[in-house]
Each structure stands twice: as C-alpha cells, then as structure tokens.
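Please read the structure below before turning to the comments.
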Number of protein chains: 2
Amino acid sequence: MATIYDVATLAGVSPATVSRVFNGRAVSEDRAQRVRDAAEALSFVPNRTARTLRRQSSEVIALIIPDIENPFFTALARAVEDRAQAAGYSVVLCNTDDDPVKEATYLQIAISENMAGVILVPASDESDLSTIIASGRPVVTVDRTTAFDVDHVMIENEPAGASVTAALFDAGYQRIACIAGPETVVTAIDRARGWRSVVERRGNYNPDLFVRSANHRLDGGRAAMAELLASPERPDAVVATNNLMGVGALQVLNEYGLTPPAFGVGVIGDLPFTTLSPGLVTLVHLPTRDLGTTAVGMLVSRISGHREPARTVLLPGELAAAASVRS
Amino acid sequence: MATIYDVATLAGVSPATVSRVFNGRAVSEDRAQRVRDAAEALSFVPNRTARTLRRQSSEVIALIIPDIENPFFTALARAVEDRAQAAGYSVVLCNTDDDPVKEATYLQIAISENMAGVILVPASDESDLSTIIASGRPVVTVDRTTAFDVDHVMIENEPAGASVTAALFDAGYQRIACIAGPETVVTAIDRARGWRSVVERRGNYNPDLFVRSANHRLDGGRAAMAELLASPERPDAVVATNNLMGVGALQVLNEYGLTPPAFGVGVIGDLPFTTLSPGLVTLVHLPTRDLGTTAVGMLVSRISGHREPARTVLLPGELAAAASVRS
DNA sequence: CTTGATTATGAAATCGATTTCTGCGACGCT
DNA sequence: AGCGTCGCAGAAATCGATTTCATAATCAAG
C-alpha cells in the first residue's frame, strides 16, 4: 500500500502538502495537480488507522444492539446505516445478546478504537455508561432508557400498550392477557403498564393472573403463550410487548388451532415475515426508521461539537387495529 | 484516558516494559506487579488504534453481507460473531444492499483500517476482489462465488434445488414453477438449475414458461408469485430459491386463498418468523451456523499465517419435505 | 520603498503503542 | 580468572497520517 510519503516523493513535494491537498487546505494549483496525479498513479488511499491516531477520532459510529436476529433491530440498523453513510460515517454493528458484559466490552472497544460516537440500545436499565461518558465520546441511547443523562430516542411505550389493549376490548375480547418482556427492560415494563391501566379500567379480572414475563425472543413468546393457555384463568386474547414474542404466541396458538380472530392477538411491533392475512392481528406499528435517523442526527450534531443538555425525543407508535370480528 | 506512558511513570519503569507486561514477554515479577497495579489504578486500556498502526493489523474482522434485514444473513452474522469472539476477534458488520459500489467502499475501509481479515458474501458474481487480495489481507467468501481464487464456503445449491423440486413432484404436484433470484447471483442460478433438471426429467411442460427472476427480497417474491398466478400457464406449485422470496410467495398465495397444500410451496432456506403450521411447506434447511463457523475457522487460520492454495468447502442442505397431502 | 500582513511550503513534532537495538549484570563453563 | 551466553530493561525507532512551527515569498498599505 502506498503511503503519503510515496505520493510526496513522486510528486516532488512534502508529505505535509499531500495531506493538505486531501484535506482541502490551501495548496497552489500546480502542486495540487501533481499530488493528485501521483496519488492516482499509486492508487493511494489514506491509512485510516494513522489518521485516527493523530486526529483522536475516526469516522466510524458504533451501533450496539441486543439481538441482531430481531427484525426490529435490523430495521433500526438499516436506518442508522443509511443516514450515517449520508453523513460520511461508517457503521459497525455490535451484538450484545442482552449481556451487560458483552456490552461493556463493546463500549470499551469503541473508546479504544477512537470511534466517533456510539448509538446504544442498552442491554438493561442497569447498563453502565459511566466509562464511555467519562471518555467524552458522544452517546445516544435508543429504545431503552438508563439512569444516565445522555441523548435519548424512544417510543411512547405506555400509550402503545394501552391502545393495543383498548382495541382488543373494542373488538369484543374480555380477558386479555399480556406477554411482557424481561423486568430489566424499561420498554417492556412501560408497555405492560399501558396494558395494565386499560385492564384495570375495562377488564373484569385480576391483571396479576394474566401477565407473564418472558425473554424477548421467539421461544419466550412460545413458552409464555403455552403457559397462559394451560392456566385455569384462560384468556381469550393476548398482548405481546414485542414482535418476536408475538410471533411465538401466534405459533403456539396456531398449534392449538386457535388462530385470530378466534383468539385475539395484539402485538407492539411489526411482523414483517409472517404470512398472516393482514387485519387479523391488532398491532402497533413502530417508527423504526425515525428512531434510527433521529439517533444519528443527534449523534452527529454532538460529534460536531454541539454542547447542550441531553435531549429526549419521544416518537409515537401507530395503531393498526384488526377488524372487530367478534362484535 | 491513561496511556502506556502514564502507567510507566507511575510504576517507575519504561513504556517498553509496560508493553511487555501486557503482551506476555519476559519481565521480572516485581516490576510486572508494579505495572499491573499502576494500570489498575489508572484503569488503563491500551489504545487499539496505536497498536493497530504499529502492528499493521487489528483484531477486527469485517463481515460484509448483502442484506442485513434477511434472517439468513443475520443468522450467519450471529454464528460468525460467536466464533470470532471465541477466537479473540471482534466483528464489524457491513451491509452492501447488493450494491457493488458500497461493497468496494467497505473493502477499501477494511484495508485502510488494517482489519485482520474479511468474510464476504459477494454482492454479485462480478464483485471485484483484486484490491483486497493485492493488499494481502485474508478473504473468505461465503454463500456466493466469484471468479477470484480465495477460500470459499458454500452450500450445495443445485442438489438443494433438485431435492425440493423432486419432493413436490413426489407429493403429487405436476406443474411446479420456480421463483429464482437475480441472474447475477450464482446461488440463485445453481438452485434454479437444480429445479430445472428435475422438471426436465419429470415435468410435462416447458420450464422456460414457469420460471421468474426476482430480487431476493419479500417484494421480489410477491411480484413473481402474482405474475405466475396471473399467467395462462398456471402452476400448481412453486419453488422459491431463497427464504424471503418464499415468504413473499406465501403471502400472495394466502391473499388468493391458496394456502398449502392447495398450492404446493417449496423453499430453499428456513422460515423462522412465519406462523405456518409446520409440515405444510417443503423446505431445505440451510446449515447457516456451519457456514459461519467454517468461514471464521478458515479466516483465522489464514490470519495466523497459513499458506496454502485456496480451499472450497461445500455444505449440504437438509430436505424437510411436507407430507404428501395430494396423493 | 519600507513595513506588516498574508500565503504557501517544508521540517519536525505528534498521536500511543510495539519492537528493535543496545547495554548491563548474572551465570556457567573451562 | 576470563569469556561467552542469557535474561531483563531502557532508549529510541517505527507505523502513517495530521498539524504546529518556522521560513521564505508575495502583496498591500502607508
């Protein structure tokens, strides 16, 4: 690989001049042209490692997510990447598996690789951001909150949980259960709270008997749904607080011969890869793209030196109610 | 952030000694302990950028895939990450969107960031690997071939296409169409060839009228399926050469009221997020995990200096035939 | 015509780690 | 005792770019 010195030698100038040409500083036109020709001839590409070491900052953004196999997060990643690319940054994607240790490792790597900034979906509400914050690198959290004072983009979770539950009541279901995510994830807690508030108002049963906590994946949804179906207080509908648990629940229902609308299903999140007829499942569409682009926007403004108190952006979900087939 | 010099000063030794302690070279025990204590006190973490610059190689592997929203590739990414982590490497994930320009950019970044190696799912059979190969960085291609002589892991595509088609004939379907991926992707070509070979042997129709080329995503499958259903030569079954096109086809069939087994469906790939009853769709399960772990294994051995002619590993798919409900 | 300001340029310092080179002291062998 | 070997440790070079600093040349203003 050709270095800046090779280019300088070939063009008959100093390395400093070569650097200036590539960074848009004042260089006389004839020299600049000689440099460009030399660089072309040697197919010179600046070494990012050296640049990063000197500049103390790279053009790479870390996107740290809990589960790369969840379409919600890949859609987020997609949005983040598109927007970051447009702003001149590359994105590296890191998967924590909801493991705080992995998360800490990736945050450490972000620091020691001098990355420009971090977009983080925290593994839990106890994720430790103190090190990365102390390092001065900008951080934006997305989708889930922590106790730390950083820029944040999230969804209006409680209203999402409430509206999907209300829609199921409206459709005529009477005993609506809830498959909630892990208790360490605020998103799950808030959505379940939304469900609970509506049940307390409109339901004629004890919510505590109708809620199951599960991991945020397919098998979590499956297990919880099976449990609900086996319980003596059998529900006639269910709200899943994320997409994959929703799919798991639908799979189990299908195995029991209970497809919607025979059994009501509400999901907070989208189901991109299912083959269900549209309109049978009540769902809250989440603004994944907005989530990602907003986060990148905030991060980039911080990277360019923006100093202000941390901001929080709340984005609403959009209810897509199933037809009220039960009425 | 504390540097190696800070640690050296605090411990009363030279920076070289600090480096040696962290890299397992001979250092007397008392000094080593002083260094460790100092590092602990300053919460020192080595700067990877500086290390990479000096070593001319980082501990980061680039995984470049065409579509991060396709569960096949995210499962691959998952496998790659797990295995790489175990071998002491981090993985950065790059999404090319099947765009050769984006792909070239990421390959260039891999070089100029001094990454340890690249695992690549080529965007097309014309992807240009000459630059990355010339750079001396190890490359392993996965799933799709190119004309370049590099280590490669792929699936036995033609047999996969043949077996799924044969299974549909066995189940009693007679006019089996094919939704094939883009013509620039060898995987798609080979799988379609497998379908064709069986049709030529067992079908009583002209294969050319029953094949549609589509993009590898949901909408590609949907469009192709709709077209097939509207054609005068209407098929009674279809083979989709990848997972997402399969889902798209199933969605359209569902909208037409044609769910399997009324209409036969074969898919090469897995359908993790569907809610179909198992056993209705004939599919070829792909060894995604093996694909990823094998690729990492080959790459790591190259990184550690293994010199030998490029190897190709072929992994078989596994047929899961639907019950022959038509017979 | 001088002086101060401005511009273009190269030399050299810098980022933070690794690694080579060099030297010192201890040890073993004859 | 003398010589070679070995191990440990520090000084300094190195990776490749950016950036500061110094300098020479050019220009404008008085």
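Each chain gets a letter, A, B and so on, in the order its sequence line appears, and its residues count up from 1. Just so it is clear, the model here is predicted, and its values are computed rather than measured.
Checked by atom type, the side-chain pair B/His152/B/Thr141 shows a donor-acceptor distance below 3.5 Å. For the residue pair B/Thr52 and B/Asn114, no side-chain donor N or O sits within less than 3.5 Å of a side-chain acceptor on the partner. No hydrogens or angles considered: a donor-acceptor pair under 3.5 Å links the side chains of B/Thr17 and B/Ser14.
More than 12 heavy atoms of other residues, nucleotides or ligands sit less than 6.0 Å from atom CD of B/Glu29. When the shell of 6.0 Å around CD of A/Glu183 is examined, it contains 12 or fewer heavy atoms from other residues, nucleotides or ligands.
Within 4.0 Å of B/Phe44, counting heavy atoms only, lie sugar-phosphate atoms of the nucleic acid but no base atom.
Taking 4.0 Å as the cut-off between side-chain N and carboxylate O, A/Arg217 and A/Glu69 do not count as a salt-bridged pair.
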Quick one, give me the B/S/- string for nucleotides 4-12 of chain D, reading 5' to 3', where B means a protein heavy atom under 4.0 Å from the base and S means that only happens at the primed atoms, P, OP1 or OP2. ----SBBB-
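Boundaries of the chain B contact region on DNA chain C are C/dG16 to C/dT20, first to last in 5' to 3' order (nucleotide atom under 4.0 Å from a heavy atom).
Judged by distance alone, the side chain of A/Thr96 and the main-chain N or O of A/Ile64 form no donor-acceptor pair under 3.5 Å. Under the 3.5 Å distance criterion, the side-chain polar atoms of B/Arg34 are matched with a main-chain donor or acceptor of B/Ala11.
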